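Below you'll find the structure, written out as C-alpha cells, and then a few comments.
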Amino acid sequence: MRSSAAWHARILCGDEVGAGFLVAGRRVLTCAHVVRRSGRAAVSVSFPHARELGEVPASVVAHGGWAGAVTDPGDVAVLELDRDIPLAPAGFAPPDAAYTEPYPKLIAYGFPEGYEEGTLAEYQAISGQLIADEWLELVAWSGHGQPLVAGFSGSAATLPDGRVVGMVSATSGTAEVRKGRMLPLDVMARYWPELGELVPTPGHGDDARRRLYALLRRAAGDPVCDPNRLYVDAVGAFGPPLPTGGFASLGDAAAYVQWEVPDPRAVARFADRLQELLGGGTARPPEPAPPHLSSAPPSSAPSAWSPVVVEIDHSGAGPDQVTVEVSAYRDGRRRPVGAGRLPRTAVRAYVQSRIDEAVAHLDPDADELVTFVLSREWLNEAVAHWECSADDSTPLGCAYPLVVTDRARHHSGRLRHQLHKKWQKLDTGHGAEVHRIECGTRERPPSLRKRLWDGDAGLAAFAAPPAEARGHFEVGLTVPVPILLWSRTGCPGAAHGTPAQDPACPGGAHDAQACPGSEFLDRLSASLAEVPPAELPRHILSLRLTADAADDPDRHWARDLQLLWDDPRCFPEAAASLHSPVG
C-alpha cells in the first residue's frame, strides 16, 4: 500500500538538495533558495515513497521574488514537472492550525546529508506572531531528535494528521541550535495566489473559494476587472483599507480578501462582482434581503440615478464628534470610499476630499446623484453651498444634482417599503401635486398626517424651515411622501409683518401675500408644474444654477432651496448603519 504522504518530494538543483511537496498533478512547492541556480543547473524532483517514478525533470514557473539574502522575503518557488505524477497531492489545514493553543507538533520531512531517503524532524511554533511579517518561529518539540539543518528547506510542515500548515524556509545550520522558521500558508499565498484555492480559510466556504479562483482564471488579462475597485466592493466600509499602492493583479486582491478580511461574506461578494464584470450575470441567487427589505415589491423599476452617498451621524464620542461615510453605487452595489470619526468642523473638508473619488467609481455613462444622508439636526445644513474643493469654489449643488434625506427615514424598513409602492404610482404620471404647508399654519400635525395620507401625496413643500415648523416637519418625515422641499431660511418670522397677534404664526400675524414663505411656495409650485418627480434632482440643479447666476443671488427665491428626495430603488442593497467607534 502506497503511503498517503507520497507527495513529499526531494529537490535537486546543481549541488543544492532540498525538499518540496506536490500540490497538483505537475506542481511542486519548494523554497526559492533551493532552486536559486536553476538558470544554469537542471532541476529534478523525486518522491521517496514512489521510487519507481525516478527523477522527474522540472522547471521554475513561479517565484516569490526572493532577492538572495537569508532574511529576504518571498522565498517561495513553484516547480512544474515535465509530466503528470500519479500521486495524491498534499492536503491543507487552515493556516491558524499551526499556532492555535495548545501549539501542535509539526512534522517536517527533509533530506539532510546522509539521508537521501529522507528523515523526520519534530518542531512546533512558539507563537502566532510573524517575524518581520513573514515567518513563524519554530523550536524543537523535544531536546533530542533530528534538528532542522540543510536539506529541510522547502519541506512541508504538517500536523500529526498529515495536513500541511506551512513550509520550512530557514534552518539553524547546526545540531546544537534547534530552531528554524517556516512560511505559513497565508504568507505563501501572497507570492503564489493560486495556493489560496487549495487552502481552507476560516469563515469562507469551500464552494465560494473554488468559485472565486475559477473566475480569476477566466478574468486573466481582462482590463475591465480593476482589482482595487473589486476589493473595495468586497470588504465594505469597515473592512481593511486598500493597501498603499493598491493591488497589482486580481489574484493579489483576491488573496488579500481571503486571508486578511474577517467578514465571511467578502469572498462571495468579490466573486459575485467579478462574475458580473465578466458578463456572466449573477453566479448564484442573491443572499436573502434583511427582513426590513424583503417585502419590497418585486415590480419596482430600478432608478436611473447612480448615487454618491455622504452619510453623517453622531459618533457617540461626544457632541462635537460625528461619523462620516462616503460611498458610491454602481451596478446596484455600494462601493465604500472612506469613513472616519471627525469633529464637526472637519466634516466639510473631509467630504470635499472624497466626493471626486466617489464619483470616479460610477459608470462613465451614469447620472450621478450626490445624496447626503443626515441625522435630523443636520437636515437644514447648507450642503448644496459647500464648495467642491479647496481649489474649486463651485457650490456642490451647482456641480451635481444634490439631495438630502433623513437618516432614520433612510434606514426605516416600513418607509422604504411604502416608498417603493409610492414611486410605482409616481412613475406613471407627470408632475406631482405640491401639498403646501404654509407659514404659521393652524393645521395640527395629526391633521397634516391625515391630509398627506388621504391625498396620496408625492410631494410636500414647507414655507418655513424645519426648526420653525418642527411638528409638521416631523410628520413629513414619517409618512411615505418621497419628496419634501423647503427654503433653509424660509419665513424670517418676527422680522416682518405686524406685531404678533396670531400665536399660530411663528412670526406673528402678517399678510400672507407679504410672507416670503408663501411667495416661496407660489414660485416653487409654478416651477415644478409638469416636472416628473424622478427628474426633480436635475430640475433643482437648474434652479440652483439660475439663482447662483442672478445679479443678487441672496435675494433669489431658490437660493436656499433644500430638496429631500427619497427613492429606495437607488439603494438596492441593505443600507447598513454607520459604525460607531465608541463602545
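Just so we're clear, the structure is a prediction, and the values are computed from it rather than from any experiment.
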Worksheet entry | Value rounded to 0.5 Å, distance of CG in L564 from CZ in F462 | 9.5 Å
Discussion item. Which heavy atom of D313 sits nearest to which heavy atom of R407, and what is that distance?
Written reply: OD2-NH1, 3.0 Å
Worksheet item: Can you name the closest pair of heavy atoms from P480 and W453 and give their distance?
Response: CD-CZ2, 3.4 Å
Response to the item:
Closest heavy-atom pair, W259 versus P95, reported as atoms and distance to 0.1 Å, is CZ3-CG, 3.4 Å
Practice prompt. To the nearest 0.5 Å, tell me how far L216 CG sits from L250 CG.
Written response: 6.0 Å
Worksheet, complete the sentence: Here the pair of heavy atoms bringing A461 nearest to L524 is CB-CD2, 3.6 Å
Worksheet item: Does the side chain of V359 reach to within under 4.5 Å of the side chain of Y400, using non-hydrogen atoms?
Response: yes
Worksheet item: Salt bridge check: are D133 and R190 linked by an N-O gap of less than 4.0 Å?
Response: yes
Worksheet item: If you round to the nearest 0.5 Å, how far is OG1 of T371 from CD of E311?
Response: 11.0 Å
Practice prompt. Show your working on side chain to side chain contact (heavy atoms under 4.5 Å, CB included) between E357 and V326 and close with a plain yes or no.
Written response: CA-CA 9 Å; E357 183 181 353; V326 181; over 6 Å; no
Fill in: side-chain contact (heavy atoms from CB on, under 4.5 Å) partner of L459, the single match among L484, L528, V531
L528
Worksheet item: So R344 and E377, salt bridge (Lys or Arg N to Asp or Glu O under 4.0 Å) or not? Walk me through it.
Response: CA-CA 12 Å; R344 293 175 68 105; E377 68 188 78; 3.0 Å; yes
Worksheet item: Between R409 and T478, is a side chain to side chain contact (heavy atoms under 4.5 Å, CB included) present by the stated rule, with each step listed?
Response: CA-CA 7 Å; R409 174 183 171 111; T478 55; over 6 Å; no
Practice prompt. Please check if the side chain of H410 supplies one atom and the backbone of L374 the other of a donor-acceptor pair under 3.5 Å.
Written response: no
Item to complete: Could you tell me the separation between the CZ atom of R269 and the CG atom of L274, rounded to the nearest 0.5 Å?
Response: 14.5 Å
Practice prompt. Could you tell me whether E381 and R488 make a salt bridge, using a distance below 4.0 angstrom between a side-chain N and a carboxylate O?
Written response: no
Discussion item. Tell me if the centroids of the rings in W486 and F473 come within less than 6.0 Å of each other.
Written reply: yes
Worksheet item: Salt bridge check: are E519 and R523 linked by an N-O gap of less than 4.0 Å?
Response: yes
Discussion item. Using side-chain heavy atoms (C-beta onward) and a distance below 4.5 Å, is H411 in contact with R416?
Written reply: no
Worksheet item: When you look at I483 and D566, which way does the side chain to side chain contact (heavy atoms under 4.5 Å, CB included) test go after all the steps?
Response: CA-CA 6 Å; I483 301 156; D566 251 332; over 6 Å; no
Item to complete: Any chance you could measure S306, atom OG, to L362, atom CG, to the nearest 0.5 Å?
Response: 5.5 Å
Discussion item. Side chain to side chain contact (heavy atoms under 4.5 Å, CB included), that's the test. Do V373 and I312 meet it? Break it down for me.
Written reply: CA-CA 6 Å; V373 180; I312 304 173; over 6 Å; no
Worksheet item: Is S389 close to D356 at the side-chain level, that is, under 4.5 Å between some pair of heavy atoms?
Response: no
Discussion item. Using a 3.5 Å distance criterion without hydrogens, assess whether the side chain of T441 forms a donor-acceptor pair with backbone atoms of I437.
Written reply: no
Worksheet item: Under 3.5 Å, is there a donor-acceptor pair between the D392 and T394 side chains?
Response: yes
Discussion item. Give me the atom names and distance for the closest heavy-atom approach of P537 to L563.
Written reply: CA-CD2, 3.9 Å
Worksheet item: Taking only residues two or more places apart in sequence, or in another chain, which ones meet E260 in a side chain to side chain donor-acceptor pair (under 3.5 Å)?
Response: none
Item to complete: Determine, using ring centers only, whether W423 and W565 are less than 6.0 Å apart.
Response: yes
Worksheet entry | Closest contact, heavy atoms only, V232 versus P336 | CG1-O, 2.6 Å
Discussion item. I'd like to know whether H539 forms a side-chain hydrogen bond (donor to acceptor under 3.5 Å, both in side chains) with S527, so could you lay out the CA-CA distance, the side-chain angles of the two residues, the decisive distance to 0.1 Å, and finally the verdict.
Written reply: CA-CA 9 Å; H539 181 72; S527 175; 2.9 Å; yes
Worksheet item: Does D456 pair with K422 as a salt bridge, N-O distance under 4.0 Å?
Response: yes
Discussion item. Could you work out, with salt bridge (charged side-chain N to carboxylate O under 4.0 Å, His left out) as the rule, every residue matching R436, not counting sequence neighbours?
Written reply: E438, D522
Return a table of donor-acceptor pairs under 3.5 angstrom between the side chains of residues 347-355 and protein atoms on other chains or two or more places apart.
residue : atom : partner : partner atom : Å
Y350    : OH   : A339    : N            : 2.9
Q352    : NE2  : E387    : O            : 2.7
S353    : OG   : Y350    : O            : 2.7

Worksheet item: Which is it for Y213 and Q258 under the side-chain hydrogen bond (donor to acceptor under 3.5 Å, both in side chains) test, yes or no, and what are the steps along the way?
Response: CA-CA 11 Å; Y213 283 89; Q258 180 178 357; 2.6 Å; yes
Worksheet item: Are F247 and L242 side-chain neighbours, meaning at least one heavy-atom pair lies under 4.5 Å?
Response: yes
Worksheet entry | Close side-chain approach of S487 to W557, heavy-atom, < 4.5 Å | no
Worksheet item: In terms of side-chain geometry, is the basic nitrogen of D560 or R544 positioned less than 4.0 Å from the acidic oxygen of its partner?
Response: no
Discussion item. Are L543 and L561 packed together at the side-chain level, in the sense that at least one heavy-atom pair is separated by less than 4.5 angstrom?
Written reply: yes
Worksheet item: Do P466 and E468 come within less than 4.5 Å of each other through their side chains, counting heavy atoms only?
Response: no
Practice prompt. Return yes if some donor-acceptor pair links the side-chain N/O of S412 with the main-chain N/O of A408 below 3.5 Å, else return no.
Written response: no
Fill in: Test log, rule salt bridge (Lys or Arg N to Asp or Glu O under 4.0 Å), inputs E474 and R449
CA-CA 10 Å; E474 293 278 345; R449 180 181 293 110; over 6 Å; no
Fill in: Within-4.5 Å side-chain heavy-atom neighbours: V199 and D186
no
Worksheet item: Can you tell me how far CZ of R210 sits from CG of L215, rounded to the nearest 0.5 angstrom?
Response: 14.5 Å
Worksheet entry | Pair D548-R559, salt bridge (Lys or Arg N to Asp or Glu O under 4.0 Å): steps then yes or no | CA-CA 7 Å; D548 190 60; R559 168 70 174 172; 3.7 Å; yes
Worksheet, complete the sentence: Only one of L402, L485, V403 passes side-chain contact (heavy atoms from CB on, under 4.5 Å) with I540, and that residue is L485
